[in-house]
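Note: hydrogens, waters and symmetry copies are ignored here, and every other heavy atom, side chains too, is used.
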Amino acid sequence: MQAQDRRVKRTHSLLSNALIKLTLEKGYDAVTIRDITEQADIGYATFFRHYKDKDILLHEVLDVVLAEMIALLPHGSASDSAEVGTLIFKYVQEHQDVIQVLLRTRGSSDLLQHMLESGSESILHKNKPRPGSPVPAEVAAYHIVSSSIALIQWWLDHDRPYPPEQMGIIYQELIANPTSKTAFLA
């Protein structure tokens, strides 16, 4: 059973990597399932044993990226937000190709909505709302996630002009600290 799990994971990884590589080269709309399977050196029919279409594959890639990024975030709002920001930007730097595909793909509005919902849910789960805050916790969580996505997009669009450590400080000063102080308990 474990050998089968490894084969499935390997197949998913090969297909995901092929999709990312081809999307960067040709654009998502131009990539076909045949292209993906040829790039991955996987049988065409094998693709359909795992995925209904390339959109499902792309959503799986997004789910993996989100899970990995959310795992970087500590529980509670008392953590060092500059350190959290640095971890996020190091992750983005290490996975730049995947992140660019996710942010720039046709249908990215659906992907972005999924990122916003998952990220906001995670923030709400890990932080307690500040009683009496003029900003509802769900609005603050959405703001943190959407602003973070915008900052990541800016950083990538400008060829990462600042190191992840400095971006962590920027994230702390522009996004995390002001919003957390207003809406969440420390």
Contact between [X] and [Y] at the side-chain level, heavy atoms closer than 4.5 Å - yes or no?
X	Y	answer
E60	I56	no
L58	V101	yes
S122	H125	no

Are more than 12 heavy atoms from other residues, nucleotides or ligands located less than 6.0 Å from atom NZ of K26?
yes
Which heavy-atom pair separates [X] from [Y] by the least distance, and what is that distance?
X	Y	result
S16	V61	OG-CG2, 3.5 Å
L124	A141	CG-CB, 3.8 Å
G43	T37	O-CG2, 3.9 Å
P129	L185	O-CG, 3.6 Å
M115	V145	O-CG1, 3.9 Å
A30	D35	O-OD2, 3.6 Å

Determine the interplanar angle of the W154 and Y162 rings, folded into 0 to 90°, and report it as parallel if under 30°, tilted if 30 to 60°, perpendicular if over 60°.
parallel
Give the ring-plane orientation class for F47 versus Y51, where under 30° counts as parallel, over 60° as perpendicular and anything between as tilted.
tilted
Would you check if the side chain of [X] reaches a backbone N or O of [Y] as a donor-acceptor pair within less than 3.5 Å?
X	Y	answer
N177	E173	no
R130	F184	yes
R160	Q93	no
T46	I42	no
H95	Y91	yes

Using the six-membered ring of Y28, assess whether NZ or CZ of K54 lies under 6.0 Å from its centre and within 45 degrees of the ring axis.
yes
To the closest 0.5 Å, what do you measure between [atom1] ([X]) and [atom2] ([Y])?
X	Y	atom1	atom2	result
I149	L102	CD1	CG	10.5 Å
T86	Q172	OG1	CD	8.5 Å
K181	S133	NZ	OG	14.0 Å
I175	L151	CD1	CG	4.5 Å
I88	K90	CD1	NZ	12.5 Å
L87	S81	CG	OG	11.5 Å

Does the separation of the ring centres of W155 and F89 fall below 6.0 angstrom?
yes
Any side-chain donor-acceptor pair under 3.5 Å between H12 and H50?
yes
Report yes or no: do E117 and Y142 form a side-chain donor-acceptor pair below 3.5 Å?
no
Do you reckon [X] sits in the same ILVMFWY cluster as [Y], going by side-chain contacts under 4.5 Å, direct or chained?
X	Y	value
L174	V84	yes
L57	L103	yes
L116	I144	yes
L62	V64	no

